[in-house]
Structure formats: C-alpha cells, structure tokens
Amino acid sequence: DTEVTQTPKHLVMGMTNKKSLKCEQHMGHRAMYWYKQKAKKPPELMFVYSYEKLSINESVPSRFSPECPNSSLLNLHLHALQPEDSALYLCASSQLGNSGNTIYFGEGSWLTVV
Amino acid sequence: QQPVQSPQAVILREGEDAVINCSSSKALYSVHWYRQKHGEAPVFLMILLKGGEQKGHEKISASFNEKKQQSSLYLTASQLSYSGTYFCGTRGKYGNKLVFGAGTILRVKS
C-alpha cells in the first residue's frame with residue numbers, strides 16, 4: 001500500500017481564519033514533507049520532518065506552522081494567510097537513509113485564500 | 001539548486017518518441033522522475049542512482065550520465081495517457097531535500 005492521504009481536498013479560508021491541513025501515511029516512512037505548488041510551477045519544498053522532528057524549514061513564513069504528532073501524521077496549521085498563499089499543498093513521505101528512496105505524494109489540498 | 005529541464009514543452013502524435021533532459025551544476029546522487037496530470041498530484045515514474053541502478057516504470061526508460069551530471073527520460077511509442085507535465089527532481093547523497101526542475105509539458109495527440 002503506497003498511499004499518502006490528505007484532507008481536506010479543497011479549502012477556502014479568509015485571511016483571518018485558522019485552519020489545518022492533515023496528512024496520513026501507513027507505509028512506515030520516517031520522513032514526511034510539505035510542498036507548495038502554484039499553477040504551472042514545480043512543487044517547492046516547505047518543510048521536512050525526520051523521525052517526527054523538523055529537519056528542514058525552507059524559510060517559510062510563520063503563518064504556516066507544521067506539526068508531526070506521530071510517525072504517521074503530519075499537519076500544516078494555517079493562520080492569517082494572504083491571497084498569494086493560494087496553491088496546491090502536497091504532503092509526501094519516504095524512507096530515510098539515502099538519496100534513492102522514493103518520495104510518495106498525496107493527492108494534495110487545494111487552498112484558496114479570500 | 002534547481003535542475004534545468006529541456007525542452008519546456010513538446011507535442012507528439014501517438015506512437016512517436018520523446019526525450020526529456022534534466023541537468024544540474026551540482027553533483028547528483030539520484031534523479032527522480034515524476035509525471036503530473038492537470039489537477040492531480042505528481043506520480044512517481046523512476047529513480048536513477050549514481051552507479052547506474054534504476055528503479056521504476058516498465059514502459060519508460062531513463063539514463064544517468066554522471067560525468068555530465070545529466071539524466072534523460074525516454075518515452076517510446078507514446079500513448080495519449082503519457083500527456084502531462086514531467087518533472088525531474090534531484091537529491092544530494094544523504095539529503096531528504098528533493099528539488100524539482102521547472103517541468104516539461106508533454107502533449108500527445110491522436
């Protein structure tokens with residue numbers, strides 16, 4: 001089972017709202033990722049968790065707050081977002097250890113900030 | 001550093017072949033290829049590792065030239081289902097950071 005599930009699939013939020021994106025995997029992967037993808041652009045890495053600890057933060061604004069409650073779950077908490085934050089947010093997971101491990105993506109959460 | 005992909009776009013008729021290239025100015029340890037259809041998530045196609053090992057798709061092949069720091073994806077006898085945007089991603093030796101190229105839009109026409 002190579003599946004990463006993300007909820008919700010679509011989210012519309014106002015600039016003063018607080019919302020969360022959720023991601024779950026049951027492949028035993030110990031690395032989990034958040035990517036952001038704007039239209040006609042490649043996915044851009046935001047955060048990496050290794051063994052439930054934040055290992056990479058690509059200088060993401062603090063209005064995005066990641067959380068890894070356990071080895072299967074990854075959340076992205078959203079607060080005071082801007083319209084330019086509207087994008088597809090992709091969660092992914094992989095084994096740790098070496099460059100050749102496959103990274104599996106979820107179907108993404110489409111976020112619109114109004 | 002973002003790898004460079006070429007061409008930016010290609011249009012094929014069913015049955016034709018295509019090659020998509022991915023190059024980097026930094027030392028590559030692995031190259032990951034994905035295809036993304038409109039409105040969907042990227043789907044894993046293939047990984048090429050330094051040293052020649054390949055893992056992935058049965059009907060799509062790829063090469064990895066370590067001297068040139070370049071990988072090429074070969075799509076042969078293309079089908080309508082091959083349409084989408086192809087991304088290569090590169091990783092360092094132990095890194096968990098997969099950085100994607102800008103993508104190549106492939107359109108297969110009947």
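Reminder, nothing fancy here: chain letters follow the sequence lines and each chain counts from 1.
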Quick check on the 6.0 Å ring-centre criterion: do A:Y35 and B:F100 meet it? yes

Counting heavy atoms not belonging to B:Q8, are there more than 12 under 6.0 Å from its CD? no

Give a yes-or-no answer on whether the side chains of A:N101 and A:Q95 include a donor-acceptor pair shorter than 3.5 Å. no

Taking side chain as everything from C-beta outward and backbone as N, CA, C, O, which of these in A:Q37 sits under 4.5 Å from a heavy atom of chain B? Side chain, backbone, both or neither. side chain

Just by distance, with hydrogens left out, do B:Y86 and B:R35 show a side-chain donor and acceptor under 3.5 Å apart? yes

Chain A heavy atoms under 4.5 Å from B:Y29: which part of the residue, side chain, backbone, both or neither? both

Winner by heavy-atom pair count (cut-off under 4.5 Å) against chain A, out of B:K97, B:R91, B:H38: B:R91

Let's test your reading of the structure: which of A:L96, A:V48, A:I103 forms the most heavy-atom pairs below 4.5 Å with chain B? A:I103

Please classify the contact between A:E58 and chain B as side chain, backbone, both or neither, with a heavy-atom cut-off of under 4.5 Å. side chain

Looking at A:K41, I want to see if its NZ is surrounded by more than 12 non-hydrogen atoms of other residues, nucleotides or ligands under 6.0 Å. no

